[in-house]
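See structure below.
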Amino acid sequence: MIITMRNESTSPDQQRIVQHLQERGYQTHVLSGSGAPVIGVNGRAITDGLADEVCRMPGVDAVNPSMKPYMLAQRSARPNGSIIDVGGVRIGADEPVIMAGTCVVENREITIQAAELVKAAGGTILRGGAFKPRTSPYSFQGLGEEGLQILAEARERTGLPVVTEVMEPEQVDLVARYADMLQIGSRNMSNFPLLRRAAASGKPILLKRGFSATIEEWLMSAEYVLAGGNDQIVLCERGIRGFDTVTRFTLDLNAVPVIRELTHLPIVVDPSHGTGRRELVAPMSLAGIAAGAHGLILEMHPDPDSALCDGAQSIPPATLNGIVASVRAMNQALKGVSTPLVAVA
Ligand code: PEP
Ligand code: MN
């Protein structure tokens, strides 16, 4: 059940409801932050009588009896959708957001060059890993704090906010000191201690889908962050494991309209990891936007063939320019028709 409070409701109004429900054996979680406060309720079946009772309590605007396991992430908690602010860039609003940069921060020169290229192309957020989850322990693992310092310098020079991965709960404070947005990688989507710590940082979080995770498991991971008091979450579809080896992963574009139906959280698409091949990144970028994504995260390298990580899927700067231009054109073209394309529960 989701209880939407009136904007002018007071915190004693909320406390009264929370107490009323807890005394009856229900679990409650208050979602505040952007938009009207909502109280998520679960733990036991909701009787019609209870929903009516709560409806009449002071400060209550509406009660939705739906019982989703991801009670705070469900669409009806914020029917108009959430907009996440990352250093002044709004994700979930009308304009698709383009995050781009190298897979890993290799050195100062390449990262600054990449940031300037992203900026020149019209990208709005810089990506780059300082801590990298590599399949092989012998591969380059990233520059660590030095990489974070380089990202911060690139932000200073270009004004682009920075998204970068955090892999361990103990790293959250360090990464949060430098980053505008914390990326939780596919391999860590179900790392619940990491989700809790990342939530507590208060920073916006880019939550990538585990490549073997169902959409419901992914939303339950988002729920950990919401239950931890942080509603600044952007979901990222980055491809799931299929049986075909022609591409690295299978970009699940079904997930885009499904996510828009099930949750108020914005979604971006990562066609770089989703395909593993740079020549597929432009078409799948457009497909992602056409499906209703709020943005893209793209691996771009000034010289992709020399990249230390994920070069095969990294696009050159000219391709990024083309993608930004065509995404803008497509978004413009879709403006009049986007409502029928997106089913809102
Ligand atoms: C990345 O963004 O470079 C990355 C490692 O992504 P994922 O966690 O989706 O594999
Ligand atoms: Mn990568």
Side-chain angles (χ1 to χ4, degrees), residues 86 97-106 110-111 114 118 123 125-137 139-144 147-148 150-151 162-168 171 175 179-191 194-195 198 204-213 215 217-218 221-222 233-242 247-253 255-256 259 267-278 280-281 284-285 288 293 295-316 320:
V86 179
V97 167
I98 311 282
M99 313 181 194
T102 56
C103 175
V104 60
V105 176
E106 298 180 14
I110 291 178
T111 297
V118 170
I125 295 182
L126 177 66
R127 66 146 286 147
F131 294 97
K132 292 302 299 179
R134 302 304 301 274
T135 302
S136 164
S139 301
F140 177 50
Q141 306 282 314
L143 293 176
L148 297 173
I150 293 171
L151 287 168
V162 163
V163 56
T164 193
E165 178 157 358
V166 57
M167 286 169 55
E168 298 170 26
Q171 281 169 357
V175 178
D180 300 285
M181 181 178 222
L182 305 180
Q183 175 175 328
I184 307 278
S186 186
R187 291 155 190 81
N188 265 318
M189 185 205 84
S190 303
N191 182 339
L194 177 62
L195 293 171
I205 288 170
L206 182 67
L207 180 60
K208 296 190 101 178
R209 178 180 183 181
F211 50 70
S212 300
I215 288 176
E217 286 163 343
W218 187 17
S221 289
I233 307 162
V234 175
L235 299 167
C236 176
E237 165 56 46
R238 49 78 70 214
I240 53 176
R241 177 114 323 142
T247 52
R248 186 178 178 194
F249 290 97
T250 296
L251 191 62
D252 178 14
L253 289 183
V256 177
I259 282 291
I267 176 164
V268 299
V269 163
D270 173 353
S272 307
H273 294 86
T275 64
R277 289 170 48 185
R278 75 175 72 123
L280 302 181
V281 170
M284 296 315 282
S285 293
L296 302 169
I297 180 163
L298 304 169
E299 288 188 336
M300 185 279 302
H301 195 287
D303 176 22
D305 289 330
S306 72
L308 289 184
C309 181
D310 285 351
Q313 67 194 37
S314 297
I315 52 171
L320 179 63

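Note that ligands are numbered from 1 as they come in the structure, with each ligand's atoms numbered from 1 the same way. Numbering starts at 1 and runs along the sequence shown.
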Distance under 4.0 Å to a non-hydrogen atom of [X]: what atoms of ligand 1 satisfy this?
{"X": "R238", "value": "7 (P), 9 (O), 10 (O)"}
{"X": "R187", "value": "7 (P), 8 (O), 10 (O)"}
{"X": "C103", "value": "3 (O)"}
{"X": "G185", "value": "8 (O)"}

Under 3.5 Å: N/O of [X] near N/O of ligand 1:
{"X": "D310", "result": "no"}
{"X": "H273", "result": "yes"}
{"X": "E299", "result": "yes"}

Partner of V268 under side-chain contact (heavy atoms from CB on, under 4.5 Å), chosen from L296, V256, V234: V234
side-chain contact (heavy atoms from CB on, under 4.5 Å), paired with L182, selected from L207, L194, V175, L206: V175
[atom] - nearest protein heavy atom and its distance:
{"atom": "atom 6 (O) of ligand 1", "answer": "K208 NZ, 2.9 Å"}
{"atom": "atom 8 (O) of ligand 1", "answer": "S186 N, 2.7 Å"}
{"atom": "atom 3 (O) of ligand 1", "answer": "K132 NZ, 2.8 Å"}
{"atom": "atom 2 (O) of ligand 1", "answer": "R127 NH1, 2.8 Å"}

R278 and D310 ion-paired at < 4.0 Å: no
Ion pair check, K208 and E165, cut-off under 4.0 Å: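 E165 and K208: not salt-bridged.
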Test log, rule side-chain hydrogen bond (donor to acceptor under 3.5 Å, both in side chains), inputs R248 and Q313: CA-CA 9 Å; R248 186 178 178 194; Q313 67 194 37; 2.7 Å; yes
Flag, side chain of E217 to backbone of A213, donor-acceptor distance under 3.5 Å: no
For V163 against Q183, the heavy-atom pair lying closest together: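 Looks like CG2-CB, 4.0 Å.
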Side chains of [X] and [Y]: does their closest heavy-atom pair fall under 4.5 Å?
{"X": "I315", "Y": "E299", "result": "no"}
{"X": "E237", "Y": "I259", "result": "no"}
{"X": "P271", "Y": "L298", "result": "yes"}

Polar protein atoms (N, O or S) that approach the Mn ion (ligand 2) to under 2.8 Å: C103 SG, H273 NE2, E299 OE2, D310 OD2
Cation-pi check, R134 onto F140 ring (under 6.0 Å, within 45° of axis):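 Judged by the rule, R134 and F140 form no cation-pi pair.
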G129 heavy atom under 4.0 Å from ligand 1: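 The answer is no: ligand 1 sits nowhere under 4.0 Å from a heavy atom of G129.
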Proximity flag R209 to ligand 1, non-hydrogen atoms under 4.0 Å: no
Candidate pair T164 and F131, rule side chain to side chain contact (heavy atoms under 4.5 Å, CB included), full reasoning: CA-CA 8 Å; T164 193; F131 294 97; over 6 Å; no
